[in-house]
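All values below were derived from every heavy atom in this structure, side-chain atoms included, with hydrogens, water molecules and symmetry-related copies excluded. Every chain is numbered from 1, with letters handed out A, B, ... down the list of sequences.
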Protein chains: 2
Amino acid sequence: MSADTKDDRSQRARIVKVAARLFAERGYHAVGIAELQNAVQLGRGALYHHIRSKDDLLYDIAREYIADLNDLAVTAEHEPDPRKRICILGQHLISMIASHQAELTVCFREVQSLTDSRRAEVLALHTRYERVWKDAFISGAEQGLFRPYDPVVLKGVLGMYFYSYLWMRPDGSLGAETISERFNEMALRMLAIG
Amino acid sequence: MSADTKDDRSQRARIVKVAARLFAERGYHAVGIAELQNAVQLGRGALYHHIRSKDDLLYDIAREYIADLNDLAVTAEHEPDPRKRICILGQHLISMIASHQAELTVCFREVQSLTDSRRAEVLALHTRYERVWKDAFISGAEQGLFRPYDPVVLKGVLGMYFYSYLWMRPDGSLGAETISERFNEMALRMLAIG
DNA sequence: GGAACTGTACCGATCGGTCGGTATAGTACG
DNA sequence: CGTACTATACCGACCGATCGGTACAGTTCC
C-alpha cells in the first residue's frame with residue numbers, strides 16, 4: 001500500500017484518462033456517469049469525491065491538451081526559418097496526436113459540449129494555436145519563401161494534420177515520425193511558390 | 001392550406017432538415033426530442049407520426065448524404081485523366097459540403113452514434129467513397145503522373161477537404177468554387193512527382 | 001365513414017448529482 | 001500504551017429532472 005499514498009492525484013489522473021478514452025470512443029453526451037463508474041471500478045460517491053462534475057472532467061481534458069499544444073508551439077516560434085518552423089510544428093502536432101489520441105479527440109470534437117464561457121476559453125486557445133501556424137505562413141511569404149498568405153491554404157494544411165486524429169492508429173504500421181515527415185513535405189509543397 | 005396537400009413528405013423533409021441542423025450544432029446525444037419538437041413546432045405525437053425514432057432520423061441523415069457523395073463520385077470515375085478526376089471529386093465534395101454543411105457534419109461526426117449494424121453500413125459507404133479517391137491516386141501513379149501511391153498522402157489530401165466542414169461558412173466571403181479550386185491545386189501539388 | 005394529422009397525458013428508464021454513513025490511517029494527548 | 005479526533009477514500013440509496021417513446025382522443029379533409 002506504500003505506493004498508494006499518493007492515491008488522490010493518481011486516482012484522479014486515472015479517472016481523467018479513462019474518461020478521455022470513453023468520451024473519445026462514444027462521445028461526451030453518450031457516456032453516462034454510471035458507465036464511467038463502471039470503467040474506473042468506483043462507486044458513485046467515490047467518483048464524485050475525486051471530480052466536481054462531469055462537465056469539469058470534459059473541461060479539464062479539452063483545456064489541458066490544447067494548452068500543451070500551445071506550449072509546444074511557443075518553443076517553435078524561436079526558429080527563424082519558416083520552413084523549419086512548419087516542420088517543427090507539424091512534428092509536435094502529430095506526435096501529440098499519436099501519444100494522446102483520445103484526449104485530443106475530445107479536445108477537437110467535444111468543444112461544443114462545454115458550457116458557454118468554458119467553450120469560449122478553449123476556443124481561444126485553438127485560435128491562438130492556429131495563429132502560430134498563420135504567423136509562420138506569413139513570415140515565409142514575407143521572406144519570399146512561400147506563396148502569398150492565403151487563409152484557404154492555412155485551413156487546408158491544418159486540415160491535413162488535424163484530421164489525422166480520426167484515422168491514426170498508435171499500434172499501426174505507420175509511426176508518428178513517418179507521418180509527420182510526409183505531412184511536412186506536403187505542407188511545404190502546398191506553400192511553395194509557383 | 002391547398003399548398004400543404006403534400007404535407008407528409010414536405011413535413012418529414014422539413015423535420016429531417018431541422019434535425020440535421022440541431023445535430024450538427026449541438027451533437028446528436030445533446031439534442032432531445034423535446035428540443036426537436038420545439039424547433040419544428042410540432043407536438044410529440046405529430047412528430048412521431050412522421051418519424052419512427054430519433055435513431056432513424058440520424059440514420060437517414062448520415063446515410064443519405066454519404067450515399068449522394070458516392071453517387072457523385074461514380075460519375076467522376078468516367079474521367080480518364082486522373083488529374084481531372086481529382087479536380088472533379090474535389091469540386092463535388094466541397095460543393096456538397098457548402099450546400100449541405102449541417103447534414104455532412106452529422107454524416108462525418110455522428111457515425112459513432114448509430115447502432116452497430118447501421119454504423120457498419122454507413123462506414124462501408126465512407127470506405128467506398130475513399131476508395132474512389134484512392135483509385136484515382138493509383139491510376140495517376142500507374143500512368144506516371146503522380147508519385148507512387150502512399151496511404152499517408154491519401155489521408156492528408158482527404159483531411160484537407162473533409163476538414164472544411166468545420167470552418168466553411170456558406171455566407172462567408174469564400175465561395176465553394178474558390179475553395180475547391182485552391183484545394184484542387186494543392187492536392188495536385190501533393191501528388192506531383194519529385 | 002375513414003384516413004391523415006395533431007396535441008396531451010403518460011410510461012419506465014436513465015440522467016447528473018447529493019446524501020448520510022463507514023472503514024481506515026495518521027496524529028495528538030493522557 | 002490506549003483513546004479521542006481528523007482527514008481521506010469510499011459506498012450505495014436516493015433526489016428531481018429529463019430521456020425516448022407510446023396511447024389515445026380529437027380534428028380536419030376527402
Geometric cation-pi criterion, A:Lys155 with A:Phe162: 6.0 Å, 45°: no
Side chain of B:Lys54 only, please: which of C:dC5, C:dG16, D:dG21 is the nearest? D:dG21
Under the salt bridge (charged side-chain N to carboxylate O under 4.0 Å, His left out) rule, collect the residues that match up with B:Asp116, sequence neighbours excluded. B:Arg119
Ionic contact status for A:Arg189 with A:Glu185, cut-off 4.0 Å: yes
Looking at B:Gln11, I'd like to know whether one of its side-chain N or O atoms comes within less than 4.0 Å of OP1 or OP2 on C:dT6. yes
Check: B:Tyr65 and B:Asp60 side chains under 4.5 Å, non-hydrogen atoms: no
Whole-Å gap separating P (C:dC15) and CD (B:Glu35): 19 Å
Name the pairs: protein N/O against N/O of nucleotides 11-13 of chain D, kept only if under 3.5 Å.
| from | atom 1 | to | atom 2 | distance (Å) |
| --- | --- | --- | --- | --- |
| D:dC11 | OP2 | A:Gly43 | N | 2.4 |
| D:dG12 | O6 | A:Gly45 | N | 3.0 |

Taking atom C1' of C:dT8 as reference, at what distance in whole Å does atom CG of B:Asn38 sit? 16 Å
Ionic contact status for A:Arg118 with A:Asp55, cut-off 4.0 Å: yes
Separation of D:dT8 C1' from A:Arg12 CZ (nearest whole Å): 16 Å
Give a yes/no on whether any side-chain N or O of B:His29 is located under 4.0 angstrom from OP1 or OP2 of D:dC19. no
So which nucleotide from D:dG21, C:dT6, D:dC10 ends up closest to the side chain of B:Tyr48? D:dG21
Quick one: is the NZ or CZ of A:Lys54 closer than 6.0 Å to the six-membered ring centre of A:Tyr28, and within 45° of its axis? yes
May I ask you to verify if any side-chain N or O of A:His49 is less than 4.0 angstrom from the OP1 or OP2 atom of D:dA9? yes
